[in-house]
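Heads up: the structure comes next, in C-alpha cells.
Starting from 1, each residue takes its place in the sequence as its number. Hydrogens, waters and symmetry mates play no part in the numbers below; they use all other heavy atoms, side chains included.
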Amino acid sequence: MTTTLPPVPGAATGSVPTPPRAPRARRRSPAVLALAVALVAAGGLGGAVLYNATGQRSAVLALAQNVPAGASITAADLVVAHISLDPSLQPVGAASLANVVGMRATADLKTGQFLTVTDVTRTSLVQAGQQVVGLPTKDSQLPAAVLEPGTRVVVVSTGDDSGSGGSDSAGGSSSGGSILPPVGAQIAATVITVGAVDSSGTSVIDVAVPTAQGPQLAVLAASGGFAVVFAPQGGG
C-alpha cells in the first residue's frame, strides 16, 4: 500500500506561487487635509497671541547719533525703534517726533538709546538774569576738551592785546573808553552755542553770563585778550 503525499506547491503541479499584494496607499480625504491646515493656522495664531501677551512691542524714538547736553534735537538725530513696552521708563512714542524736534537735550544722549520724557526739555539754557556774549576764539584760546552747549567754562583775562585796546599801567586795558578786567580776572559762563570755524581759523562761541558781567565780558571779547578754561560740573 502506497502512501500518497500531498503535492508540494510549485513542484509537482508546476504552478508558481502568487506574490503578496503591495499595500494600497491610503488616500486622504479633503476634509482631513482641511482640518490639518486649520490646525496649523490656529497654532500660528496662538503663537502670535502669546507673543503679544508676553512682549507688547511699541514704536518709540531712539537716538540715531550722539547729542550733547543742551543741544537742540533735529529730525536727523532720531530714528524709530520697536521695543517691549515698559510704561515705567516713560519712552517717547514715535508719534511725538514733530514735538521733540527743536527741544534741547537735558543730558548727553548716546547713539542707540531710546528717548525718554526726561531726556528733553523746552527750557532755554539762558536763564533769567543772564546775557549772551559772543567770544571770537582761536585754537590757542581754547582747551583741548570739546566745548558743547551746556558746558561750563571760565573766561580768564590774559592781558594780551589782540584787539583795539592798549595795556595801561594799572594792569588793565582801554578799549573805546571801557576798562578791561585785570590780568587773571575770571568770569564763569555757560556755553550756549559753538559756531563753525571760518577761513581765518576763528570760531564764535556764545556764552551766558550774569547780566552784571555781560558788558565787561563783551569788552574783553572785543579785545581778544582772554582764554577759555574748561570748568566741568562740580568743578566750582
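Closest non-hydrogen pair, A231 versus V154, comes out as CB-CG2, 4.0 Å. Taking both residues in full, the closest heavy atoms of G102 and S72 are given as O-OG, 3.5 Å, listed atom of the first, atom of the second, then distance. Taking each heavy atom of S96 and V92 in turn, the nearest pair found is CB-CG1, 3.8 Å. In this structure, L220 and P181 approach most closely via the heavy-atom pair CD1-CD, 4.2 Å. Nearest heavy atoms, A64 versus A76: CB-O, 3.8 Å. In terms of heavy atoms, P149 sits closest to I192 at CB-O, 3.4 Å.
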Report, one line per pair, each donor and acceptor closer than 3.5 Å where one atom sits in a side chain of residues 113-120; sequence neighbours left out.
| unit_1 | atom_1 | unit_2 | atom_2 | d |
| --- | --- | --- | --- | --- |
| Q113 | OE1 | K110 | N | 2.8 |
| T116 | OG1 | T118 | OG1 | 3.1 |
| T116 | OG1 | D119 | OD2 | 3.0 |
| D119 | OD2 | T116 | N | 3.0 |

Residues 125-134 side chain polar contacts: donor-acceptor under 3.5 Å, at least two apart:
| unit_1 | atom_1 | unit_2 | atom_2 | d |
| --- | --- | --- | --- | --- |
| Q127 | NE2 | S124 | O | 3.1 |
| Q130 | OE1 | Q127 | N | 2.8 |

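Distance alone, capped at 3.5 Å, places no donor-acceptor pair between the S203 side chain and the T137 backbone. Listed for the Q141 side chain is a donor-acceptor partner under 3.5 Å among the backbone atoms of K138.
A single hydrophobic cluster is seen to contain both M103 and V67, as judged by linkage of ILVMFWY side chains at heavy-atom distances under 4.5 Å, directly or through other members. Placement of L109 and L97 within a single hydrophobic cluster is found when ILVMFWY residues are connected by side-chain heavy-atom separations under 4.5 Å, directly or transitively. Following chains of ILVMFWY side-chain contacts shorter than 4.5 Å, one cannot reach V79 starting from V60, and the two form parts of different hydrophobic clusters. Follow the hydrophobic side-chain contacts under 4.5 Å out from F230 and you reach V207 in the same cluster.
Side-chain atoms of L217 and L135, non-hydrogen and from C-beta on, do get closer than 4.5 Å to each other. Looking at V191 and V228, their side chains never come closer than 4.5 Å, going by heavy atoms from C-beta outward. Side-chain contact check for V155 versus V209: every heavy-atom pair is 4.5 Å or farther apart.
T193 OG1 to L147 CG: the interatomic distance, rounded to the nearest 0.5 Å, is 11.5 Å. Separation of atoms CG (D206) and OG1 (T190) is listed at 12.5 Å; rounding is to 0.5 Å.
A 6.0 Å sphere centred on CG of D139 holds no more than 12 heavy atoms belonging to other residues, nucleotides or ligands.
With sequence neighbours excluded, the residues forming a side chain to side chain contact (heavy atoms under 4.5 Å, CB included) with T111 are Q65, N66, listed by chain and number.
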